[in-house]
Amino acid sequence: DAMVIQNPRYQVTQFGKPVTLSCSQTLNHNVMYWYQQKSSQAPKLLFHYYDKDFNNEADTPDNFQSRRPNTSFCFLDIRSPGLGDAAMYLCATSRVSGTGNTEAFFGQGTRLTVV
Amino acid sequence: GEDVEQSLFLSVREGDSSVINCTYTDSSSTYLYWYKQEPGAGLQLLTYIFSNMDMKQDQRLTVLLNKKDKHLSLRIADTQTGDSAIYFCAEIPSNNDYKLSFGAGTTVTVRA
């Protein structure tokens, strides 16, 4: 059974039109991550939530926002998508504790196309 | 991904062994991971190794860690067509507790 679920798998949006991608998890992990992956590149961390605490990467554009209303769900909001934001967006979760870290589990990704 | 480096491509004949190599820069890395990504899909965790281990074997997969040289490798025995994918090496650097730093990925092509 899928443990990290991303919806939709494919999203087409218009240039400048706000779009939201969603992620849910059944693992009860305390950390949720959003990565952006462009073709033939490594995934790039945009931000993550450690419980309710939001942690933005220094080079993540302001155009990208995130919400985590509860443990299970996390959303990626792109306020004004540009053509350069077309990419695969990957959600991941992990359990982080004082005694160590579990591995990160990834969803299947949402492929965003901007037209 | 500049802290983790991988060769970009590997072609292997079906039934042969594949060896994917990775070098990393942070000698204090605690965990090192191998992920597999099939076309259009997310990342699937294949295996991971703690930094105090030299080797880990899991069915067809063997991970070797050389801490002195900061070199990690993944060996896939009896490579099958279903093993064709991009393989990412990742580490958790010591300057943070839990965020993964990925290499650029090695594209493995299995030919008949």
Side-chain angles (χ1 to χ4, degrees), chain A residues 2-10 21 23 25 27 29-51 53 55-60 87-113, chain B residues 1-10 20 22-25 28-53 56 58 61 63 85-109:
Chain A
M3 297 177 287
V4 182
I5 302 164
Q6 292 188 242
N7 284 303
R9 289 291 308 277
Y10 302 92
L21 310 182
C23 177
Q25 55 134 336
L27 297 162
H29 282 171
N30 55 346
V31 185
M32 294 187 76
Y33 311 79
W34 279 105
Y35 286 84
Q36 179 193 63
Q37 186 183 26
K38 296 191 176 180
S39 182
S40 302
Q41 295 183 20
K44 177 179 178 299
L45 183 63
L46 295 173
F47 29 57
H48 73 278
Y49 273 94
Y50 190 134
D51 293 323
D53 294 332
N55 297 271
N56 202 27
E57 294 300 299
D59 56 354
T60 297
M88 172 78 92
Y89 290 88
L90 297 165
C91 174
T93 74
S94 68
R95 179 185 304 283
V96 177
S97 68
T99 57
N101 177 42
T102 65
E103 58 271 27
F105 290 89
F106 283 78
Q108 286 295 302
T110 295
R111 165 89 49 201
L112 180 69
T113 301
Chain B
E2 64 268 16
D3 295 331
V4 180
E5 293 189 355
Q6 304 176 234
S7 54
L8 294 181
F9 301 99
L10 175 67
I20 308 166
C22 169
T23 57
Y24 58 97
T25 56
S28 300
S29 292
T30 52
Y31 297 82
L32 294 141
Y33 301 85
W34 283 105
Y35 282 87
K36 176 184 179 183
Q37 186 177 35
E38 296 181 3
L43 274 67
Q44 173 194 356
L45 177 69
L46 286 179
T47 187
Y48 64 94
I49 190 167
F50 294 109
S51 57
N52 62 357
M53 298 170 66
K56 180 179 180 181
D58 183 2
L61 305 178
V63 179
I86 303 175
Y87 291 80
F88 290 95
C89 170
E91 65 168 351
I92 294 181
S94 60
N95 64 349
N96 76 75
D97 293 328
Y98 51 88
K99 292 188 289 184
L100 288 167
S101 178
F102 285 93
T106 300
T107 299
V108 173
T109 302

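Lettering follows sequence order; numbering is per chain, from 1.
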Item to complete: Would you check if the side chain of T107(B) reaches a backbone N or O of F9(B) as a donor-acceptor pair within less than 3.5 Å?
Response: no

Worksheet item: In terms of heavy-atom proximity below 4.5 Å to chain B, should Q108(A) be classed as side chain, backbone, both, or neither?
Response: both

Worksheet item: Where does Q6(A) contact chain B at under 4.5 Å (heavy atoms): side chain, backbone, both or neither?
Response: neither

Worksheet item: Between Q37(B) and chain A, which part of the residue has a heavy atom less than 4.5 Å away: side chain, backbone, both or neither?
Response: side chain

Worksheet item: For L43(B), is it the side chain, the backbone, both or neither that has a heavy atom under 4.5 Å from a heavy atom of chain A?
Response: both

Discussion item. Ring centroids only, cut at 6.0 angstrom: are Y87(B) and Y35(B) within range, meaning strictly under it?
Written reply: no

Item to complete: Mind telling me whether H29(A) and F105(A) have parallel, tilted or perpendicular rings, with 30° and 60° as the class edges?
Response: tilted

Worksheet item: Who wins among R111(A), Q37(A), M88(A) for the most heavy-atom pairs under 4.5 Å with chain B?
Response: Q37(A)

Worksheet item: Taking NZ, NE, NH1 and NH2 as the nitrogens, is one of them in K44(A) or E57(A) under 4.0 Å from a carboxylate oxygen of the other?
Response: no

Discussion item. For F50(B), does the six-membered ring have the charged nitrogen or CZ of K56(B) within the cation-pi criterion, i.e. under 6.0 angstrom from the centroid and within 45° of the normal?
Written reply: no

